[in-house]
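Okay, so here's the structure we're looking at.
Sequence lines set the chain letters: A, B, ... in the order given, protein chains first and strands last, and positions in each chain run from 1. Atoms considered below: every heavy atom in the structure, side chains included; atoms not considered: hydrogens, waters and symmetry mates.
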Protein chains: 2
Amino acid sequence: MFRALADPTRRDIFERVIGRGLSVSTLAHDYEMSFAAVQKHVSVLERAALVTKERHGREQIVHGNVSTLRRATELLKAFEEIWIGRATRIAEILGEKGSE
Amino acid sequence: MFRALADPTRRDIFERVIGRGLSVSTLAHDYEMSFAAVQKHVSVLERAALVTKERHGREQIVHGNVSTLRRATELLKAFEEIWIGRATRIAEILGEKGSE
DNA sequence: TTGATATACAACCATATGGTTGTATGATAT
DNA sequence: ATATCATACAACCATATGGTTGTATATCAA
């Protein structure tokens, strides 16, 4: 999922489909690269569960998946928790030393 | 930065150095791969500003950089803001329709 | 039915990535 | 002074990634 978000084009695609649906060709229209390249980016996002596709006639509508985004945020926050945890432990050790 | 966090080994290294310092060899000790491979991972994290190195005698101590982690979290939260924004606008449109 | 549109997918290419080994250098310990 | 330890870095290799073009298929419009 971090790998999926590592590419600027994919972050842009993702941003555009959060909270609304856009067809693959609508997305592709605004990039210099070929339609197939955009298709590949969408499929990378799809495998990472950051977007889902919903067929509507001959179009495939791409939707952003907010819950996966949330899970990513949680993961980063977990790193912060580790940091807070260690900082607290260090503070405790210093506190113990101080009270001797 | 997402690219740096995309690799499991690097996430593990990062996790281990948040809130404390570990030498490159200490880090390398616990992975199957060669010392040079771990060194490369650390340098990727360093270029992404997720860690910094501080020389101490012949050892190089790797420290996690929490502020960069925070910036990453902010970025993901910004995506959520976009989502909230669009959801609100849709609610407004529905509200307008309802009041006609 | 025919033509245009939207998508899917395969084959291919250049470059990036994640790994290796080997060599060099600075710091430490004896 | 010398051996050892921690690191740096180059050269190399296999595979992944991000792009291309070309072809096939399904849907919509005329």
Nucleotide N/O of nucleotides 23-25 of chain D paired with protein N/O under 3.5 Å:
none

(Q) Taking the nucleotide of DNA chain C with the nearest heavy atom to each, does R55(B) or R55(A) sit closer to the 5' end? (A) R55(A)

Q) dC12(C) P sits how many Å from K40(A) NZ, rounded? A) 13 Å

Q: Can you sort out the partners of F79(A) under ring pair (Phe, Tyr, Trp, His ring centres under 6.0 Å), two or more places apart, ordered by chain and number?
A: F14(B)

(Q) I'd like to check F2(A) versus R10(B) (side-chain heavy atoms, cut-off strictly below 4.5 Å). Are they in contact? (A) no

Q: Report whether W83(B) and I90(B) are members of the same hydrophobic cluster (ILVMFWY, side-chain heavy atoms less than 4.5 Å apart, transitive linking).
A: no

Q) To the nearest 0.5 Å, what is the distance between CG (L75(A)) and CG (L5(B))? A) 9.0 Å

Q: Go through E80(B) and L76(B) one step at a time and tell me if the side chain to side chain contact (heavy atoms under 4.5 Å, CB included) criterion holds.
A: CA-CA 7 Å; E80(B) 277 197 53; L76(B) 292 189; over 6 Å; no

Q) When V24(B) is tested against each of V62(B), I61(B), I13(B) for side-chain contact (heavy atoms from CB on, under 4.5 Å), which residue passes? A) V62(B)

Q. What is the distance from atom CD of Q60(A) to atom CD of Q39(A), rounded to the nearest 0.5 Å?
A. 9.0 Å

Q) What is the distance from atom CG of L50(B) to atom CE of M1(B), rounded to the nearest 0.5 Å? A) 6.5 Å

Q.
Strictly distance-based, threshold 3.5 Å: is any side-chain N or O of T68(B) a donor or acceptor partner for the main-chain N or O of A49(B)?
A. yes

Q.
Is there a path of hydrophobic side-chain contacts, each under 4.5 Å between heavy atoms of I/L/V/M/F/W/Y residues, joining V44(B) to V42(B)?
A. no

Q: Taking only heavy atoms on the protein side, list every residue of residues 1-32 of chain A lying under 4.0 Å from any atom of DNA chain D, sorted numerically.
A: R3(A), D7(A), R10(A)

Q) Between residues 57-64 of chain A and DNA chain D, which residues have a heavy-atom gap below 4.0 Å? A) G57(A), R58(A)

(Q) Please evaluate residues R71(A) and S67(A) with respect to the criterion side chain to side chain contact (heavy atoms under 4.5 Å, CB included), reporting the C-alpha separation (whole Å), side-chain torsions for both, the decisive distance (0.1 Å), and the verdict. (A) CA-CA 6 Å; R71(A) 285 203 293 106; S67(A) 68; 5.9 Å; no

Q: Give a yes/no on whether any side-chain N or O of S34(B) is located under 4.0 angstrom from OP1 or OP2 of dT20(C).
A: yes

Q | Length of the NE2-P vector between H41(A) and dA8(C), whole Å | A | 15 Å

Q) Just wondering, do H41(A) and M33(A) contact through their side chains at under 4.5 Å, heavy atoms? A) yes

Q.
Rounded to whole Å, how long is the line connecting atom CZ of F35(A) with atom P of dT5(C)?
A. 13 Å

Q) Q39(B) has an atom CD; how far is it from atom C1' of dT21(C), in whole Å? A) 13 Å

**Q.** DNA chain C contacts among residues 44-53 of chain A, heavy-atom distance under 4.0 Å
**A.** K53(A)

Q: Report the distance from atom CD of E54(A) to atom P of dT7(C), rounded to the nearest whole Å.
A: 13 Å

Q. dG18(D) C1' sits how many Å from M33(A) CE, rounded?
A. 8 Å

Q) With R11(B), which residues qualify under side-chain hydrogen bond (donor to acceptor under 3.5 Å, both in side chains), at least two apart? A) none

